[in-house]
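The chains referred to below are lettered A, B, ... by the order of the sequence lines, with proteins before strands, and numbering in each begins at 1.
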Amino acid sequence: MPELPEVETVARALRPLEGARLTNFIVNDKKVWFESECEPEEFIGKNLTAIKRRGKYLIYDFGNLYILQHLRMTGKMLPDDSAIIPAKIRSTNSKQLRCEFRFDRGNYFFYDPRRFGTLTAVRDLAHYWKKKKIAPDPIEEESAAREHFMQAMGNTKRPAKASLLDQSIIAGVGNIYADEALFALGIHPLTISARIKKTAELFSLTRAILEKAIKARGTTVYNYVNPDGVAGSYALELKVYGRTGEPCPRCKTKKIQRLVITGRSSHFCAHCQKRS
DNA sequence: TATGGCCTGTAC
DNA sequence: GTACAGGCCATA
């Protein structure tokens, strides 16, 4: 479920592990160890010096050697005694418990029912972001991210919705916050990106929505995401996402519509969000 | 640039 | 049973 605010919430919850030593590291699902520059065993015995984030990636900094974790749709980091992990999964050595981090300060499972999540070991972060075309983080590197966004948006004819989901244009935005940002500014999701006049405002508003969602500890739609088992509350703030058929909260006349754009569902108000 | 595939679970 | 799910990658 995680977009930037959810990943940030996870990073904050795991931050007490900074300074801890990784005493063991058990990979249960080989598929999780993706495009890595070394074997998992290389991390055993190392100190976790910092936990950072860029876009939707969690960064475990082991000092010139990093693990990048992507939670994709259903990935969660949970303490090994978490009640969120079903007993069935626990007792069958399911691959859904993708791996286990054992720190001298506590053990964590990477629990991921759909098994889309990944762990990637890298030595050179900057090189990795460049290779994967991940834009600067809109929260951590605001001005660089804004500059990049302005330039990239002016350069593409793709629909606004597709651009907001494109991590090479803005990092960390997924389907929920993309729909919310376009609604907040009254931009139709099919508007050609380069034709948007309020590009600067779109960046600022998207950033503001992400910040507000971080304060709410993220959005929880189907189940819990946070390592402490507490649900995020931003779902209460959603204006259009998942509200197909409900009256628009702004004009209160038209109903929220659903439209598939580049394979993903978009939610919007045809009255408040006109194509320019 | 758009499409299918990866996986499993849940809602209808 | 069918449709759908917050993301990304490989492929055409």
Categorize [X] for me: base, sugar-phosphate, or nothing, with a 4.0 angstrom heavy-atom threshold over every strand shown.
| X | answer |
| --- | --- |
| A:R158 | sugar-phosphate |
| A:R258 | sugar-phosphate |
| A:G263 | nothing |
| A:T118 | nothing |

Atom-to-atom span, [atom1] of [X] to [atom2] of [N] - whole angstrom:
| X | N | atom1 | atom2 | answer |
| --- | --- | --- | --- | --- |
| A:Q167 | C:dG7 | CD | C1' | 8 Å |
| A:I169 | C:dC8 | CD1 | C1' | 15 Å |
| A:L68 | C:dG7 | CG | P | 18 Å |
| A:F116 | C:dC4 | CZ | P | 16 Å |
| A:E6 | C:dG7 | CD | C1' | 13 Å |
| A:K133 | C:dC8 | NZ | C1' | 14 Å |
| A:F34 | C:dG7 | CZ | P | 17 Å |
| A:N175 | C:dA5 | CG | P | 8 Å |

(request) Scan side-chain atoms only and decide if A:K161 and A:N175 contain a donor-acceptor pair under the 3.5 Å cut-off. (result)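 A:N175 and A:K161 do have a side-chain donor-acceptor pair below 3.5 Å.
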
Say you pick atom [atom1] in [N] and the same atom in [M]; how far apart are they, in whole Å?
| N | M | atom1 | answer |
| --- | --- | --- | --- |
| C:dG1 | B:dC6 | C1' | 22 Å |
| B:dC7 | C:dT11 | P | 15 Å |
| C:dG6 | B:dA11 | P | 15 Å |
| B:dT3 | C:dA5 | P | 16 Å |

(message) Which residue is it: A:F25, A:Y108, A:Y111? I am looking for the one with a ring-ring contact (aromatic ring centres under 6.0 Å, His included) to A:F101.
(response)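 With A:F101 as partner, ring-ring contact (aromatic ring centres under 6.0 Å, His included) holds for just one option, A:F25.
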
Give a yes/no on whether any side-chain N or O of [X] is located under 4.0 angstrom from OP1 or OP2 of [N].
| X | N | result |
| --- | --- | --- |
| A:Y241 | C:dG6 | yes |
| A:H70 | C:dG7 | no |
| A:K132 | C:dC9 | yes |
| A:K95 | B:dT8 | no |
| A:R264 | C:dG6 | yes |
| A:K31 | B:dC6 | no |
| A:R115 | B:dT8 | yes |

(message) Nearest to the A:S265 side chain among B:dT8, C:dA5, B:dC6, which nucleotide is it?
(response) C:dA5

(message) Main chain of A:P79, side chain of A:S82: is a donor-acceptor contact present, judged purely on distance under 3.5 Å?
(response) no

(message) Under a 3.5 Å cut-off for both contacts, is C:dG6 paired Watson-Crick or G-U wobble with anything, and if yes, with which nucleotide?
(response)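 Pair assignment: C:dG6 / none.
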
(message) Could you check whether A:R21 makes a cation-pi contact with A:F103, meaning its NZ or CZ is under 6.0 Å from the centre of the six-membered ring and within 45° of the ring axis?
(response)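 No - A:R21 does not lie over the ring of A:F103 by the 6.0 Å and 45° rule.
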
(request) Would you mind checking if A:E211 and A:R207 are paired as a salt bridge, meaning a charged N to carboxylate O distance below 4.0 Å? (result) yes

(message) With a sphere of 6.0 Å drawn around NZ of A:K30, does it hold more than 12 non-hydrogen atoms of other residues, nucleotides or ligands?
(response)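 No, because the 6.0 Å sphere around NZ of A:K30 holds 12 heavy atoms or fewer from other groups.
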
